[in-house]
Amino acid sequence: MISEPSRYYAVELQALPSRIGQVRRIISAHLRHWQLDALVDQAVLGLTELLTNVHRHAQPDKGCKVEIELLLDRLTVSVRDHDPRLPEVRRPDALDASGALVPVDDLDALATSGRGLGIVGAVSESWGVRPCGADGKVVWFTLTAPALGGPVDECARAVYEAAAEGLFAGVGYSRLPGVPLSAPAEPTPAPSLARPVLAGRAG
């Protein structure tokens, strides 16, 4: 369960290649600070596609606002620009009036651009566009946030890191990917965190 019900961060920028790289690093750092490391790659990939669309297509300027919001188990990433035109999703094929499949031109199918929203759709749980009238639009996508580890998980991670990098480093213990040094041969249930209640008189 996520410890804080809602977190929010926003940054305004000109969607130029040098600034896009900076914003990617800023958003990555915020997600890691929020303990959402598992979502960094997907969020940054989707964000890059949205900012690239602003850079290539937005008029009259490239100004935009990036927002990330964590609400319970849902991370929403959005980009607002000043262009009221709605984006079009390029499809690899289309249907004619009779419903028959009409393939696109071979050169178009090999194009290296125009697939941004398709990528956003592939890496996200959901996405959409919210028109803002003459003021532009907001393109957004959502990701499901994983449940954060509790005190037992944090303690186990701290012990593992201390053993792997501290006194026991280089003493014959080897790191196996994803397996802590103290992993039991058979999985065992986590110990209860409930504290025993002692009966007796205070005094």
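One-based numbering along the sequence shown. For the numbers below, each heavy atom of this structure counts, side chains included, while hydrogens, waters and symmetry mates do not.
Residues Ala43 and Phe141 share a closest heavy-atom pair of O-CZ, 3.6 Å. Residue Trp140 comes nearest to Ser78 through the heavy atom pair CB-CB, 3.7 Å, listed as atom of the first residue, atom of the second, then distance. Considering all non-hydrogen atoms of both residues, Pro87 and Leu117 come closest at CB-CD1, 3.5 Å. Contact record, Lys65 with Ala10: CE-CB, 3.8 Å, taken as the closest heavy-atom pair. Leu70 approaches Ala145 most closely through the heavy-atom pair CD1-CB, 3.9 Å.
Shown here are the side-chain hydrogen bond (donor to acceptor under 3.5 Å, both in side chains) partners of Asp61, two or more places apart in sequence or in another chain: His82. Taking the side-chain hydrogen bond (donor to acceptor under 3.5 Å, both in side chains) definition, one finds that Thr52 meets it with nothing, sequence neighbours left out. Residues forming a side-chain hydrogen bond (donor to acceptor under 3.5 Å, both in side chains) with Tyr8 (at least two apart in sequence, or on another chain): Glu67. Residues satisfying the salt bridge (Lys or Arg N to Asp or Glu O under 4.0 Å) criterion with Arg85, sequence neighbours excluded, are Asp83.
The distance from the SG atom of Cys64 to the CD1 atom of Ile20 is 7.5 Å, given to the nearest 0.5 Å. Here CD of Glu49 is found 4.0 Å from CD1 of Ile119. Values are rounded to the nearest 0.5 Å. Here the CG atom belonging to Leu75 is positioned 10.0 Å from the CD atom belonging to Gln42, to the nearest 0.5 angstrom.
In this structure, the side chain of Lys62 does not engage the main chain of Ala15 through any donor-acceptor pair within 3.5 Å. Distance alone, capped at 3.5 Å, places no donor-acceptor pair between the Glu69 side chain and the Thr76 backbone.
With contacts defined as side-chain heavy-atom distances shorter than 4.5 Å, the pair Leu47/Val120 does not qualify.
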Table please: side-chain donor-acceptor pairs of residues 21-30 below 3.5 Å, with sequence neighbours left out.
{"unit_1": "Gln22", "atom_1": "OE1", "unit_2": "Arg19", "atom_2": "NH1", "d": "2.3"}
{"unit_1": "Arg24", "atom_1": "NH1", "unit_2": "Thr48", "atom_2": "OG1", "d": "2.9"}
{"unit_1": "Arg25", "atom_1": "NH1", "unit_2": "Gly21", "atom_2": "O", "d": "3.4"}
{"unit_1": "Ser28", "atom_1": "OG", "unit_2": "Arg24", "atom_2": "O", "d": "2.9"}

_Steps toward side-chain contact (heavy atoms from CB on, under 4.5 Å) verdict (Val54, Val139)_ = CA-CA 10 Å; Val54 174; Val139 184; over 6 Å; no

*Give the C-alpha distance, both sets of side-chain angles, the deciding distance and a yes or no for side-chain contact (heavy atoms from CB on, under 4.5 Å) between Thr144 and Arg74.*
CA-CA 5 Å; Thr144 300; Arg74 183 81 50 204; 3.0 Å; yes

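In the hydrophobic clustering of ILVMFWY residues, with side-chain heavy atoms under 4.5 Å counting as a link, Leu13 and Val138 come out apart. When hydrophobic clusters are built by joining Ile, Leu, Val, Met, Phe, Trp and Tyr residues whose side-chain heavy atoms come closer than 4.5 Å, directly or via intermediates, Val129 is grouped together with Leu50.
Here salt bridge (charged side-chain N to carboxylate O under 4.0 Å, His left out) pairs that include residues 123-143, with residues two or more places apart or in two chains, are Asp81-Lys137.
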